[in-house]
Amino acid sequence: MDWAKKKPDGITYGSTGIGQTTHLSSSMLFSRTGVKATHVPYRGAAQTVPALLAGDVDIALDNLASHIGLIQEGRMRGLAVTGATRWPTLPNIPTMAEAGIPDFVITVWGAFVAPAGTPPAIIERLNGAMRQVAQDEAMQKRFIQGGALALSSTAEEAAARANRERPMWKQVVQASGARAD
């Protein structure tokens, strides 16, 4: 952050697109830290990663899965992780709190969804399959090595998490200037 603040014209940051988590979490970070930053949206990590490697943008705050191989190869430098704890396969990369940015824990997550009206028995069968994957040690190890975690929850727990996070993301969207066109 000290380096970024010293740049008179600010820095550039790549994201996987306007309104994506990579854009919004970066906007939140730079707003909180007072760093002048210009957003450069791309169409996914397949474009953001090469732009970062080529020096077309200064930084990217992106899903670990998109960068972990390059970080491990030494072609890219991880500065911090946004999780509450260090990543198991990258123990030398600090958390945001350890890097001097407290209260900045953002984890990207996804959920499997089904059409409204799907019978509860089908939902439970799908949840059961997800629980099996999340509890399989070999599968969990593969996910961690790839920069992700396999987790499971009930439909109600996923909905509750979305409801808890919605106000924060609404505020971040408004502050970022992102809008649906």
Side-chain angles (χ1 to χ4, degrees), residues 1-84 86-96 99-101 104-113 133 139 141-151 158 161-162 165-166 168-181:
M1 292 298 129
D2 292 338
W3 166 82
K5 288 177 181 178
K6 289 177 186 172
K7 295 193 69 136
D9 295 326
I11 63 168
T12 57
Y13 69 96
S15 82
T16 57
I18 295 171
Q20 298 290 327
T21 307
T22 57
H23 169 218
L24 299 176
S25 55
S26 296
S27 177
M28 181 191 308
L29 173 65
F30 299 129
S31 173
R32 284 188 185 178
T33 58
V35 169
K36 181 180 176 184
T38 301
H39 178 220
V40 182
Y42 291 95
R43 300 183 101 183
Q47 291 182 345
T48 306
V49 170
L52 189 58
L53 289 170
D56 296 337
V57 291
D58 296 310
I59 195 167
L61 191 126
D62 198 351
N63 302 318
L64 185 55
S66 299
H67 302 268
I68 194 165
L70 295 165
I71 293 168
Q72 289 170 330
E73 291 172 12
R75 294 178 57 205
M76 196 174 281
R77 181 175 170 207
L79 302 174
V81 295
T82 61
R86 291 182 182 213
W87 193 253
T89 60
L90 299 170
N92 294 328
I93 298 177
T95 65
M96 293 293 271
I101 303 169
F104 195 89
V105 176
I106 296 177
T107 56
V108 178
W109 61 282
F112 284 92
V113 296
V133 168
M139 187 62 75
K141 185 177 179 179
R142 288 181 67 187
F143 270 84
I144 288 171
Q145 288 172 340
L149 290 174
L151 303 173
R161 180 172 179 174
E165 291 187 8
R166 188 170 285 115
M168 175 193 72
W169 289 115
K170 180 179 179 182
Q171 181 182 9
V172 173
V173 168
Q174 290 170 339
S176 76
R179 62 179 202 275
D181 288 332

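These values consider heavy atoms only, across backbone and side chains, with no hydrogens, waters or symmetry-generated copies. As the structure is a computational prediction, the values presented were derived from the model and not from experiment.
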Item to check | Parallel, tilted or perpendicular: rings of His23 and His39 (30°, 60°) | outcome: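 His39 and His23: parallel rings.
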What heavy-atom pair brings [X] and [Y] nearest, and what distance separates the two atoms?
| X | Y | result |
| --- | --- | --- |
| Thr95 | Ala84 | CG2-O, 3.8 Å |
| Leu61 | Thr82 | CD1-CG2, 4.2 Å |
| Leu53 | Leu70 | CD1-CD1, 4.1 Å |
| Leu24 | Ser176 | CD2-OG, 3.4 Å |
| Ala51 | Tyr42 | CB-OH, 3.2 Å |
| Gly14 | Thr48 | C-CG2, 4.1 Å |

Checklist entry - Going by atom types only, do Gln174 and Trp169 share a side-chain donor-acceptor pair under 3.5 Å? => result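 No.
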Checklist entry - Checking Trp87 side chain against Ile144 main chain: does a donor-acceptor pair fall under 3.5 Å? => result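 Judged by distance alone, yes, a pair lies under 3.5 Å.
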Gap between atom [atom2] of [Y] and atom [atom1] of [X] - 0.5 Å precision:
| X | Y | atom1 | atom2 | result |
| --- | --- | --- | --- | --- |
| Asn92 | Arg86 | CG | CZ | 7.0 Å |
| Asp9 | Lys36 | CG | NZ | 5.5 Å |
| Thr16 | Asn63 | OG1 | CG | 7.0 Å |
| Arg32 | Met28 | CZ | CE | 5.5 Å |
| Ile101 | Met1 | CD1 | CE | 4.0 Å |

Checklist entry - Any salt bridge (Lys or Arg N to Asp or Glu O under 4.0 Å) pairs touching residues 41-68, not counting sequence neighbours? => result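 Listed by first then second residue: nothing to list.
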Next on the checklist: side chain to side chain contact (heavy atoms under 4.5 Å, CB included) for Ile68 and Leu90? Distances and angles first, verdict last.
Outcome noted: CA-CA 9 Å; Ile68 194 165; Leu90 299 170; 4.0 Å; yes
Item to check | side chain to side chain contact (heavy atoms under 4.5 Å, CB included) between Ile11 and Thr38, intermediate numbers included | outcome: CA-CA 6 Å; Ile11 63 168; Thr38 301; over 6 Å; no
More than 12 heavy atoms of other residues, nucleotides or ligands under 6.0 Å from [atom1] of [X]: yes or no?
| X | atom1 | answer |
| --- | --- | --- |
| Gln171 | CD | no |
| Lys141 | NZ | no |
| Ile59 | CD1 | yes |

Checklist entry - Do Met96 and Val105 pass the side chain to side chain contact (heavy atoms under 4.5 Å, CB included) test, and can you show the C-alpha distance, the side-chain angles, and the key distance before you say yes or no? => result CA-CA 7 Å; Met96 293 293 271; Val105 176; over 6 Å; no
Checklist entry - Quick one: salt bridge (charged side-chain N to carboxylate O under 4.0 Å, His left out) partners of Arg142, sequence neighbours excluded? => result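 Per chain and number, Arg142 pairs via salt bridge (charged side-chain N to carboxylate O under 4.0 Å, His left out) with no residue.
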Checklist entry - So, do Arg77 and Ile71 sit near enough that their side-chain heavy atoms are less than 4.5 Å apart? => result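 With C-beta onward as the side chain, the pair stays apart.
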Checklist entry - Side chains of Ile106 and Leu29: closer than 4.5 Å at any heavy-atom pair? => result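 No. Closest side-chain heavy atoms not under 4.5 Å.
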Item to check | By ring-ring contact (aromatic ring centres under 6.0 Å, His included) - contacts of His67 (at least two apart) | outcome: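 His67 satisfies ring-ring contact (aromatic ring centres under 6.0 Å, His included) with no residue once adjacent residues are dropped.
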Checklist entry - Could you walk me through whether Met76 and Leu52 pass the side chain to side chain contact (heavy atoms under 4.5 Å, CB included) check? => result CA-CA 9 Å; Met76 196 174 281; Leu52 189 58; 3.8 Å; yes
